Amino acid sequence: MALIVQKYGGTSVGNPERIKNVAARVASYRKKGDQVVVVVSAMSGVTDNLIKMAKEIMPLPNEREMDMLLATGEQTTIALTAIALHAMDIPATSMTGAQAGIVTDGVHTKAKIQNITPKSVHHLLDAGNVVIVAGFQGQTMEGQITTLGRGGSDLTAIALAAALKADLCQIYTDVDGVYTADPRIVPQAKKLPEISYDEMLELASLGAKVMQSRSVEFAKKFGVVFEVRSSLNDNPGTIVKEETLSMEGVVIRGVSLDKNQAKVTLVAVPDRPGVAAHVFKAIAEANINVDMIVQNISHNQGAPSTDISFTVDKPDLLKAKKVIDSLKEKIGFRDVIADEAIGKLSIVGVGMRSHPGVAAKMFETLAANGINIDMISTSEIKVSVVIELTKGEQAMKVIHEAFLGK
Ligand code: ASP
Ligand code: MG
């Protein structure tokens, strides 16, 4: 008898028919004698729609109220999934994050899990129930409802798998696994049988959209091996695990395009010590994650000034701009420009460490296709460039072809 955690994303529970399919799959595991914990997302589009409604009322709604609002999406799906199992005569109980013992800090809309006490989950499993847990949500010690950041149901599943010491963790989504690129953009993309945590992390945080990056970090930290697979068929998926020697043989594991970044540029910032510290401290205090930062060389000999650009997640752009605007008088820069029309294209692979010339080949390929590079950043296992959003998909295709073939 195995304990299995299965997570179903928004598309997999997108309508009552699909929820019935989920119930059928859960039932097939249970018939084998396995104990199953199911983690579900909100039905596809629901979270976006809730956010949209709130923003129609005011552009920057209170974050505690946003958590109260967004948590309802997952609460709908847990109940419907339980009902679908009941319709098949399978005992099942739904639980909110709080009921499942998920305790978080108090950073609304981006809470971190502090600990999980899954006592009631174990009780219900032992009594023969399928347990269905609402993804993406938790509760503070003080009883406030929190959410874990967009895509946070993945984190719920991985963290529960660790806390329950599950034998197997399956992440069901609308793709067959992790591909060398998004197959909707690059039809030649191939499914990877396995991938290391670090590569997956780069691909996830770079917008491969298969999984939320924090959940992969968590899996790495706690050694949770998991499989990403489709809820629409029975094909084997991609296993995500610790790096093995054979993984180094491949130069590039995948190409990803992140359309969810935005760029903030401070124009003509006085070039003196402490300015960057000031800017990024204020941004950090507003709980905004910064990804790339570029500072140009200064111009104007007498009173040197420079431009500083950085990227943030698109939903944080308004907030970031507000923070920067509030610094204008103190720092004395000329202007701040917010640009949403960017895309970040990245190539990822642990094999880069032992194969030189990878970045050069990427830049050459972009140049040969007339695609201008706006910002560059590199790490041991990735090269990223910021380009114009409208060129994003074309760039992804030519880079995939250059490194991973037709
Ligand atoms: N429903 C949440 C979202 O759309 C969490 C999730 O789907 O994982 O971000
Ligand atoms: Mg999701």
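Quick caveat, the model's predicted, so the values are computed rather than measured. Hydrogens, waters and symmetry mates play no part in the numbers below; they use all other heavy atoms, side chains included. We count ligands from 1, going down the list as the structure has it; atoms in each ligand are counted the same way.
- At a cut-off of 3.5 Å, with distance as the only test, a side-chain donor of Asp67 or Thr147 sits close to an acceptor on the other residue.
- Residue contacts with ligand 1 leave out Gly73, since none of its heavy atoms falls under 4.0 Å from the ligand.
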Evaluate side chain to side chain donor-acceptor pair (under 3.5 Å) for Asp313 paired with Gln261, printing each intermediate quantity in order.
-> CA-CA 5 Å; Asp313 289 344; Gln261 296 268 308; 3.3 Å; yes

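- Considering backbone and side-chain N/O of Asp154, none are found under 3.5 Å from N/O of ligand 1.
- Heavy atoms of Gly151 approach ligand 1 to within less than 4.0 angstrom.
- Close contacts of ligand 1 with Arg150, meaning ligand atoms under 4.0 Å from a residue heavy atom, involve 3 (C), 4 (O), 9 (O).
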Determine, step by step, whether Asp325 and Lys321 satisfy the salt bridge (charged side-chain N to carboxylate O under 4.0 Å, His left out) criterion, reporting the C-alpha distance in whole Å, the side-chain angles of both residues, the deciding distance to 0.1 Å, and the verdict.
-> CA-CA 6 Å; Asp325 277 336; Lys321 183 156 187 298; 3.5 Å; yes

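- Under 4.0 angstrom from ligand 1, the non-hydrogen atoms of Glu74 all belong to its side chain.
- Note: no N/O pair closer than 3.5 Å links Phe136 and ligand 1 by distance alone.
- Taking the six-membered ring where the residue is Trp, Tyr8 and Tyr172 present parallel rings, their angle staying beneath 30° rather than reaching 60°.
- More than 12 heavy-atom neighbours from other residues, nucleotides or ligands sit within 6.0 angstrom of CZ on Arg353.
- Across Ser215, Ser153, Ala71, heavy-atom proximity to atom 6 (C) of ligand 1 is greatest for Ser153.
- Proximity to Ala42 (heavy-atom distance under 4.0 Å) selects the following atoms of ligand 1: 1 (N).
- In the displayed structure, Lys191 atom NZ is contacted under 6.0 Å by more than 12 heavy atoms of other residues, nucleotides or ligands.
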